[in-house]
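Chain naming here is simple, since letters A, B, ... match the order of the sequence lines and numbering starts at 1 in each. This is a predicted model, so every value here is computed, not measured. Just the heavy atoms: all of them, side chains too, but no hydrogens, waters or symmetry mates, feed the values below.
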Number of protein chains: 2
Amino acid sequence: MAIPRAAKTQRRTRIQEEKEEKILEAALDVFSVSGFRGSTIDQIADVAGMSKPNLLYYFRTKEAMHRALIDRVLYTWLEPLRAFDANGNPESEIRSYIRRKLEMARDFPRESRLFANEVLQGAPHIEDELKGPLKDLVDEKAGVIKAWAKAGKIAKCDPYHLIFSIWSTTQHYADFDVQVLAVLGQEHGGGGRFEDAARFLEQLFIDGLRVKPAS
Amino acid sequence: MAIPRAAKTQRRTRIQEEKEEKILEAALDVFSVSGFRGSTIDQIADVAGMSKPNLLYYFRTKEAMHRALIDRVLYTWLEPLRAFDANGNPESEIRSYIRRKLEMARDFPRESRLFANEVLQGAPHIEDELKGPLKDLVDEKAGVIKAWAKAGKIAKCDPYHLIFSIWSTTQHYADFDVQVLAVLGQEHGGGGRFEDAARFLEQLFIDGLRVKPAS
DNA sequence: TGTAATGTTTACCAGTCGGTCAAATTATCC
DNA sequence: GGATAATTTGACCGACTGGTAAACATTACA
């Protein structure tokens, strides 16, 4: 008898790698649009071009697919914040963090929506990740920002809310893309919206955080 | 025979008003968490304390409930932007717009999440509202902001992206509340997060938009 | 108070949901 | 090439989905 589940085998077949990849790719398509509850295995199977029982051969449950997807995407997603360098120049660090996050919103909107859907619905599947790895990373970087403020390199401000505001403004262009496009219309919405956003946000954050002369 | 659906009657009964109110209240609870696809009539019926067929007596379909809810909430939701006054002082107008939006995120998070869910999933039910009333209103206010910039009252900036950034930063505290709470932890997350956010955002936007001396 | 209109419920339907199972097919390796 | 393990499929299950039909209960109003 074969081992009942591919996931339990020690060595991963070439087929396993390919198919799991294909499934997660399809799952990202579906979960990122409809959220966990709103997505169905059949939809994912359709997109993947595989039969439903075949998906369930690689991932025992819908939850397992979702979990695997989250795990795979989370690390990459936090990369820009991780790259935030305490020894760098504050202004250019913030600038490049904004630019990187905006590039991710442009190039990986599905990943952004996956998390947005999940958090929006109360984060029932990623609470631990938020309170653990995410919080730890943010705490660390908040410390860096606080030190910069104390040293007079940037204006005094709450580092946590600064990070929140960079997250929200940049991810907005992935998560709420239809709204952005609807409001900008065809004339401004074309391809330039990310460059326009980058220009605006860099200006806002750099000027907003510049140290003010004592008045 | 009675008219088959209450919705078709000319005059609304007291009972109709009460029950439709109760249903929409429950629908807001459910739709705002799970989105349209992820929500079920049974869930709404449970929350409303009514039987499923009874809900369907007042709203023929799940879509009708959702539609009615959107219609009712949209007007209120745009109120703060509508209040944006061209004749006011730019700084205080922006400041009070931010404050108002933040108060709404605090006091009406379900409404915010209702729209967030909808837009996030491609806005299949509110595309017209986005391209119509919303775009028109934003176009108008963007004109106001542009005029302010031209008159040298605030720094030159893209008015659309300014509005987007105010939307995203403020609504973040409603839509991603679990994440905010998880990151801030218990020590900072308590009740003060909205005041802290207000302080930070006002500083960011006011200083960020202040006219810079020609260097 | 009677009666017609309004409101509510029980029972139900067809389609979809996540998931199982055993049989059939394919890849692997000696 | 054949045995064996890995992969794929169709048929199926019970629970749930949005929605209906009709009997039943309640209200409003002359």
Rounding to a whole Å, what distance do you find between [X]:[atom1] and [N]:[atom2]?
X: A/Arg60; N: C/dC21; atom1: CZ; atom2: P; result: 13 Å
X: A/Tyr58; N: C/dT20; atom1: OH; atom2: C1'; result: 18 Å
X: B/Gln16; N: D/dT27; atom1: CD; atom2: P; result: 15 Å
X: A/Leu55; N: D/dT9; atom1: CG; atom2: P; result: 10 Å
X: A/Leu56; N: C/dA22; atom1: CG; atom2: P; result: 16 Å
X: B/His66; N: D/dG19; atom1: NE2; atom2: P; result: 13 Å
X: A/Asp46; N: C/dG18; atom1: CG; atom2: C1'; result: 15 Å
X: B/Lys19; N: D/dT27; atom1: NZ; atom2: C1'; result: 12 Å

query = In residues 33-42 of chain B, which residues come under 4.0 Å of DNA chain D by heavy atom?
reply =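 Residues of residues 33-42 of chain B that come under 4.0 Å of DNA chain D are, in numerical order, B/Ser39, B/Thr40, B/Ile41, B/Asp42.
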ask   = Will you find, in the side chains of B/Asp196 and A/Tyr160, an N or O donor that is under 3.5 Å from an N or O acceptor?
value =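 There is no such pair between these side chains.
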task = Show your reasoning for whether salt bridge (Lys or Arg N to Asp or Glu O under 4.0 Å) applies to B/Glu129 and B/Arg67.
result = CA-CA 11 Å; B/Glu129 279 83 355; B/Arg67 160 111 259 134; 2.4 Å; yes
task = Looking only at side-chain atoms of B/Pro53, point me to the closest of D/dA21, D/dT9, C/dG7.
result = D/dA21
message = Measuring from the side chain of A/Tyr57 (C-beta onward, heavy atoms only), which nucleotide among D/dG10, C/dT10, D/dT8 has the closest atom?
response = D/dT8
request  = Show your reasoning for whether salt bridge (Lys or Arg N to Asp or Glu O under 4.0 Å) applies to A/Glu21 and A/Arg72.
outcome  = CA-CA 11 Å; A/Glu21 169 61 36; A/Arg72 147 200 282 226; 2.7 Å; yes
Can you give the donor-acceptor pairs under 3.5 Å from side chains of residues 40-51 of chain B to other protein atoms, not counting sequence neighbours?
{"residue": "B/Thr40", "atom": "OG1", "partner": "B/Gln43", "partner atom": "N", "Å": "3.1"}
{"residue": "B/Ser51", "atom": "OG", "partner": "B/Asn54", "partner atom": "N", "Å": "3.4"}

ask   = Is any side-chain nitrogen or oxygen of A/Ser51 closer than 4.0 Å to OP1 or OP2 of D/dT8?
value =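 For D/dT8, OP1/OP2 do not have a side-chain N/O of A/Ser51 under 4.0 Å.
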task = Using heavy atoms to find the nearest nucleotide of DNA chain D for B/Lys62 and A/Asn54 separately, return the residue whose nucleotide is more 5′.
result =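 The answer here is A/Asn54.
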message = Let's test your reading of the model: under 3.5 Å, does the base of C/dG19 pair with the side chain of A/Lys52 as donor and acceptor?
response = yes
Derivation of the salt bridge (Lys or Arg N to Asp or Glu O under 4.0 Å) call for A/Glu103 and A/Arg100 = CA-CA 5 Å; A/Glu103 281 165 8; A/Arg100 236 179 288 215; over 6 Å; no
ask   = Charged N to carboxylate O under 4.0 angstrom, A/Asp177 versus A/Arg193?
value =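 Salt bridge: yes.
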ask   = Taking the side chain from A/Arg99 and the backbone from A/Ile94, do they hold a donor-acceptor pair closer than 3.5 Å?
value =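 Absent.
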